[in-house]
Amino acid sequence: MADAPAGRDYRETVFLPDLPGDPFPLRAGLPKKEPERVKYWAEIGLYHLLRKEAAARPKVVFHDGPPYANGAIHIGHAENKILKDFVVRTKQMAGFDCDYVPGWDCHGLPIEWKVEEDFRKAGRKKSEVPAVEFRRACREYADKWIPLQRDEFRRLGIEGDWDNYYTTMSFDAEAAIAREFLRVVRTGLVYRGSKPVMWSPVERTSLAEAEVEYQEKTSPTIWVKFEINGYDITQNLGGGVNVVIWTTTPWTIPGNRAIAYNPSIKYGLYQVEEIEKDLPFEPWVRAGEKFVLADARAADTFAAAKASRYTRLQDIDPSKIDSCRHPFDEWQKTPDKGGEYAFGVPLLAGDHVTDDAGTGFVHTAPGHGADDFIIWTKHFGQEGIPFTVDEEGRFTKEAPGFEGLEIIQLEGKGLGKDGPANKAVIDALIEEHALLARGQLKHSYPHSWRSKAPLIFRNTPQWFIALDKSYRDGKTLRQVALDEIDRVDWGQKRTGETKDYNRIRGMIEDRPDWLVSRQRAWGVPLPIFVSKSDGSILQDDEVDARIFAAMKAGGADVWWATPAQDFLGAKYKAEDYEKVEDILDVWFDSGSTHAFVIGNPEAPTRPSFVNPVSTIYLEGSDQHRGWFHSSLLESCATRGKAPYDEVITHGFTMDEKGMKMSKSIGNTIEPQKIAEQNGIEILRLLIASAEYGDDLRLGKIMIDQSGEMYRKLRNTLRFCLGALRGFEDGERVPLDRDLPLMERWLLHRLHEVDRDVRRGYDTYQWRVALSAIVEFCNVDLSAFYVDVRKDALYCDAPSSFRRRACRSVLDETFSRLTAWLAPIMPFTAEEAWLTRFPESVSVHLRTFPETPVAWEDDFAGEEMAKLREARAVVTGALEVARREKVIGAALEACPRVFVADDALRASLQAIDFAELCITSGIVIEAGEGPADAFRLPEMSGVAVVIEKTPGVKCARSWKYFDPATADPRYPDITPRDAEAVAAWDAARG
RNA sequence: AGGCCCGUAGCUCAGUUGGUUAGAGCACACGCUUGAUAAGCGUGGGGUCGACAGUUCAAAUCUGUCCGGGCCUACCA
């Protein structure tokens, strides 16, 4: 076999997929091109074009959870915004109007800290800066960051109304937040109660959890006797039986109001028999004394008390103890001779009590501990909690006998050290014979982040929203919220995933009342007046209207800058009312965003928010405790319903090992860096292919892998662009059953992929859609359809039906690929689309093309599945022949295919199977074939023997052919190629 | 410490109500091609399904314990 004699170079007559000037190069240059594209979208006003295009469509509201206006964005922000962008873009392209209004959360501590620091550097203490000046500085600080963050978000390819973003500190927002709170007041759910908070006596302020750090501290420990008042079998016990508690904070004893025990712990009655001898001091314990203790704690307790021998008399059930005497209830040094402490100390059951430390009984001072507070309010509500300590950490008159003593030294050399309070209490206990033992303990104890001074738990008056008070059709806020949780889709409806539903439900079921007041400066005030005579909150529409109007005009500052009388008007006297100066929990701010961003159903803030078919929230899973939570409660309180219909959550970004990213470990990855080095679309693709509900791992390997996926997709688009060069409507053939099987099958696949992509997008499972697209590109297009059809595309005459059919179907493919990919790869989809249609404005103004039902073609699908299985046997055989150096390229082969099954053989004969296998010829025969033929275990009825193709190699298509069949004008190419070249020559004259 | 959750090939993910030798894409190795060419095609290696125990004729799939990781609470009298 010899090649045709060297003759004409046909290369120029081959329709290679090059585009003039290579407008869509393989090397994308994303880091450089993406910013240009962002600018382009801004210039054409894409956001406004989108709104205009979709004005008549059904609305979907995607409401942005506001990031905090502080610092550069990090990878977590990037994941969050990109996922949001996927939702917004897919909804828009699925035929909705999905308006996205980004926002920022501006009030709160982090900014307050920064600004405070700035003032300190300038030599001014916060307390010396007027509230309004301080707030102005906070506002300026937030204002500085918003445009910076906005530009970073736009760089990520996020589309939205970036010129009209919302903030929680705009005057409108501040007025709206205040009005929302007044709305809650009208439900009757707002009350003033108290709660122990972390308090710094040195700084005279409460501290947030984030401002607290734990340090080692040595504290006194005391074992205190509480004599039992009554026990229904007291007669059997005799008198003088004591419950023993243990504590590291003696100063909380005046605040003791209860003792907690755990019903699942075993308790016993013990009698002391003998005291240790030869001690350098005389122990307080006496032989014959009786104590109730957890059995597991008896040994340690008696060791501390120096009782060398003791006996256990009987079991004790603490629930049968009515109450105990307070150790100070007969203390002579109190003004009332102990009468102030003459309340019974009840025993309360609580799970927080353990028997691995202490005595099995927990001293409970509801004003000075979280557990203490919880167990107390569970039994007695807010009643009866004393305020024993003032804001400087001094005992008040509610701690009779100790008034004025400091818990922590406030000044001088001993600043931050224990004050006289502990010692005074211990002395009093000794005096009253209530101290069993004492010691010292080194333990971790809360300290102020800034002053490093120890903190105390201190009961302070605060404002709450009640969860268990009925307010709406006899229901409580908790009940309404739980009902709404059932209505909302947390994923349990779209994918059956119940984890988010369970999580939010659990949180709402368990949470205590909402503490909404903060003793801070940078926020929206609780805009209320409290009657000095009866403690009720003034509720008057005219007053509320004045407050709202003033804030709308001048922001929340007016609350501090305007005399109370101006709000109260003529009807009320300022001196009769206390103007509350606390600010609202910032979660109340963001919980109210729905009210001023989306608006009420009756009063939407924009046309794109009218009667939405759905309102969607999407945030990280930490927002179950945050924004999802506060928005739910706020909206249920004011409107009786959740502000959203669907909630989507995502996990957190981790490093490549699945560990949390942190600056100190140095394993962070900045989105800005990915944008510079790889292009942000690589990150978008990575996020789209991940199970974002779980944590997202991020590392070099994943980014590289995502880059590979990108290249494959880009190259597929690039091939389509080249293959479709010059394709016009006139070339199009009807997309019906007269198409070749290959094209019928490809349409069938487009139909299937369309279904998968829509299903993925509808349920926010981007990876389902993306993997359908990627697999289609790789397996169906690249490895099969394109590989097979390259011959027809390159070498057929333009008039060839086969080539026209191929191009018609590729046109539909390109149309869909660009649309399907647009939400995930907005830059590249745009680039591809505009390369093909330079006169078009943007791919993003399109919707997903409808895919005709008629394209579903089960026959083509099943037929092609069979053919590809048979093809796999041929490719396997070719591989063996290649390895044995029988052939190199597949076109050198002419396989003999033995097919036992008549139906399968008929299928193979019905089409050009050589074309499918990309061989120059093929022989299909009946029967089992020779024993040494190539077979695959899963296709036992097909056997293949590879033989070399006879004939000569076509100088144009490289196929081997019988030169006897050649067109005499073109002896070195096949007749098919001759026809194409003839047409090509004719066109050029 | 408690609540919710995650743990399948090097990587990202599929694995229907428990049922034949656990799949895909990418990566890797080898080969082919040199007309998608800083591309394309083919073939191949690679997993005790986090560990252990249990239920079952049968478990990646159900139960329990443990290990590792994440988010959120709490952090102790």
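Convention: sequence-line order gives letters A, B, ...; per-chain numbering from 1.
Atom CG in A:Leu686 sits about 19 Å away from atom P in B:G25, given to the nearest Å.
For B:A36, the base has no donor-acceptor partner in the side chain of A:Thr716 [N/O atoms by modelled type, under 3.5 angstrom]. Contact annotation: side chain of A:Arg503 to base of B:C5, donor-acceptor pair absent below 3.5 Å.
Between A:Glu915 and the options A:Lys959, A:Arg789, A:Lys790, A:Arg871, a salt bridge (Lys or Arg N to Asp or Glu O under 4.0 Å) holds for only A:Arg789.
A close approach under 4.0 Å does occur between a side-chain nitrogen or oxygen of A:Arg718 and OP1 or OP2 of B:U37. Side-chain N/O atoms of A:Arg11 include one lying less than 4.0 angstrom from OP1 or OP2 on B:G35.
Taking atom P on both nucleotides, B:U48 is separated from B:C4 by 31 Å, rounded to a whole Å.
Nucleotide B:A1: paired with B:U73 (Watson-Crick or G-U wobble, both distances less than 3.5 Å). Remark: B:A36 base-pairs with no nucleotide; criterion is Watson-Crick or G-U wobble with both hydrogen-bond distances under 3.5 Å. A 3.5 Å limit on both hydrogen-bonding distances identifies B:G44 as the Watson-Crick or G-U partner of B:C28. Under the Watson-Crick and G-U wobble criteria, each requiring two contacts below 3.5 Å, nucleotide B:U17 is left unpaired.
Ring-plane geometry between A:Phe652 and A:His650 is classed as tilted, the angle between the planes lying from 30 to 60 degrees on a 0 to 90 degree scale.
Candidate nucleotides B:U43, B:G40, B:C71 were compared by shortest atom distance to the side chain of A:Lys712, and B:G40 ranks first. Picking from B:G40, B:G35, B:G70 the nucleotide with the shortest atom distance to the side chain of A:Tyr794 gives B:G35.
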Can you give each donor-acceptor pair under 3.5 Å made by side-chain atoms of residues 880-889 of chain A, sequence neighbours left out, with the distance rounded to 0.1 Å?
from, atom 1, to, atom 2, distance (Å)
A:Arg882, NH1, A:Gly888, O, 3.0

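Every residue two or more places apart in sequence or in another chain that forms a side chain to side chain donor-acceptor pair (under 3.5 Å) with A:Thr668 is listed here: A:Glu670.
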